[in-house]
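Numbers restart at 1 for each chain; the letters A, B, ... are given by sequence-line order, proteins then strands.
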Protein chains: 2
Amino acid sequence: MTNENLLSHIHKFVLLNDNEKAILQSYFKNETVKKKEHLLKEGQKCTANYFILKGCLRMYYITETGTEQIVQFAIDNWWLTDYSSLDSGKPSQFNIQTVENTEVAILDNKIQEEGFKKIPALERYFRIILQKAYAASIMRLRYIFTQSGEERFHHFNNSFPEFVQRVPQYMLASYLGFTPEFLSKIRAKK
Amino acid sequence: MTNENLLSHIHKFVLLNDNEKAILQSYFKNETVKKKEHLLKEGQKCTANYFILKGCLRMYYITETGTEQIVQFAIDNWWLTDYSSLDSGKPSQFNIQTVENTEVAILDNKIQEEGFKKIPALERYFRIILQKAYAASIMRLRYIFTQSGEERFHHFNNSFPEFVQRVPQYMLASYLGFTPEFLSKIRAKK
DNA sequence: TTAAAATCTTAATCTACTTCAAGAAATGAA
DNA sequence: TTCATTTCTTGAAGTAGATTAAGATTTTAA
């Protein structure tokens with residue numbers, strides 16, 4: 001798979017001429033990653049931004065009690081990275097791992113910075129993407145504050161039924177903020 | 001108060017020449033807002049971004065059971081807005097209100113867009129700001145998932161002791177995700 | 001095609017909170 | 001300086017969801 005998907009995604013938000021498209025093409029490094037492989041491990045510096053061409057990634061950390069807590073999922077046409085580590089250059093406090101076999105376009109952070117200088121539209125694109133990601137994150141907080149675990153599950157299940165099929169239940173439970181046992185009980189009700 | 005604070009804040013992240021500074025100055029409209037006044041009410045379209053020169057804002061919504069839930073606080077040198085509404089042009093699902101007498105610099109969204117065209121550094125500035133805000137929001141999620149209410153309070157209290165003094169306890173409780181009664185009990189322990 | 005690994009279920013017990021209710025204290029406006 | 005409003009406290013009773021533990025099922029790999 002080429003990164004046509006990515007270019008057309010960018011093109012949804014900003015205008016690019018053919019020259020800029022060609023330059024951008026050269027910035028992205030496509031990779032096929034097998035299920036359960038890590039793109040980033042806690043303690044490593046995060047040096048790139050990952051765009052999912054096809055597949056699924058999760059970002060998670062390990063709690064003091066040794067359980068995994070999932071902060072983010074990302075599927076086709078989403079970017080995922082640890083912006084904290086990217087920004088600060090400090091080791092990441094998160095892991096990024098494939099949930100299934102996944103094709104990603106990798107944008108190295110240094111190359112991204114170079115790109116911002118050469119192609120201002122790229123910076124605009126990320127400004128827009130980040131604005132949306134931030135807004136989504138605020139909405140996520142809202143759901144967590146307001147809804148019960150059960151409500152959150154039903155809401156998520158109604159919103160993304162295919163995705164719920166695709167990912168193990170214990171990961172979904174973690175993402176939604178409760179235990180796999182509790183999710184099992186919710187499902188048993190119907 | 002002028003918006004020197006704001007210009008020097010921008011200057012921390014991007015370079016501006018004198019001409020650009022002058023243009024930017026003209027974009028911001030400074031206002032003094034009394035305690036408990038609203039800058040945005042649920043149902044209204046959000047049309048501006050607010051930079052706090054001095055004071056404190058909160059962003060909150062009303063739950064189904066009629067209680068206030070605070071999503072964000074913002075103090076000196078922070079931006080606050082509802083990016084969802086700003087982006088989509090749809091009515092906001094949030095309120096933005098002053099917690100104390102506050103001086104804000106207001107950047108109207110249309111003017112912001114115009115600014116992005118004239119001054120690419122402005123778009124870069126917001127790209128950087130949003131990257132930080134998004135990362136902070138992910139960390140907030142992490143605290144909510146991992147720590148107990150009591151832990152969250154102590155952590156917050158240690159991190160921002162002056163702020164805890166400044167804001168009513170029931171607002172702090174809401175922001176931290178529990179009831180004012182519970183906060184009262186935590187405090188009674190020591 | 002079978003054993004090992006990963007995932008899901010069920011049930012009993014436990015706990016970090018919420019809710020409700022009522023009074024006390026602090027703050028603010030006339 | 002006083003009354004009204006806002007904020008904070010305390011205690012009793014209730015609950016959403018965690019924890020533990022063990023078995024059942026599904027998936028994976030050799």
Rounded to whole angstroms, how far apart are [atom1] on [X] and [atom2] on [N]?
| X | N | atom1 | atom2 | value |
| --- | --- | --- | --- | --- |
| A/Lys189 | D/dG17 | NZ | C1' | 11 Å |
| A/Gln147 | D/dG17 | CD | C1' | 16 Å |
| B/Lys34 | C/dG28 | NZ | P | 14 Å |
| B/Glu68 | D/dT6 | CD | C1' | 12 Å |
| A/Gln97 | C/dA6 | CD | P | 12 Å |
| B/Phe145 | C/dA16 | CZ | P | 20 Å |
| B/Phe182 | D/dT7 | CZ | C1' | 19 Å |
| B/Leu183 | C/dT18 | CG | P | 11 Å |

- Message: Tell me if the CD atom of B/Glu162 is crowded by more than 12 foreign heavy atoms within 6.0 Å.
- Response: yes
- Task: Give a yes or no on this: more than 12 heavy atoms of other residues, nucleotides or ligands lie within 6.0 Å of atom CD of B/Glu113.
- Result: yes
Below 4.0 Å: OP1/OP2 of [N] and any side-chain N or O of [X]:
| X | N | answer |
| --- | --- | --- |
| B/Ser148 | C/dA16 | no |
| A/Lys35 | D/dT28 | yes |
| A/Gln169 | C/dT9 | yes |

Identify which nucleotide among [options] has an atom closest to any side-chain atom of [X], counting heavy atoms from C-beta outward.
| X | options | answer |
| --- | --- | --- |
| B/Arg187 | D/dG17, C/dA6, D/dT9 | D/dT9 |
| B/Lys185 | C/dT19, D/dT19, D/dG17 | C/dT19 |
| B/Phe178 | D/dG11, C/dA11, C/dT18 | C/dT18 |
| A/Glu181 | C/dT7, C/dT18, C/dA11 | C/dA11 |

- Return the 5'-most residue of the pair A/Glu150, B/Ser184 with respect to DNA chain D, ranking by each residue's nearest nucleotide. B/Ser184
- Would you please classify the geometry between the A/Phe126 ring and the A/Phe116 ring as parallel, tilted or perpendicular, with 30° and 60° separating the classes? perpendicular
- Parallel, tilted or perpendicular for B/Phe156 and B/Phe160, by the 30°/60° rule? tilted
- Task: Before accepting this row, confirm whether a basic side-chain N of the pair A/Arg127/B/Asp87 lies closer than 4.0 Å to the acidic partner's carboxylate O.
- Result: no
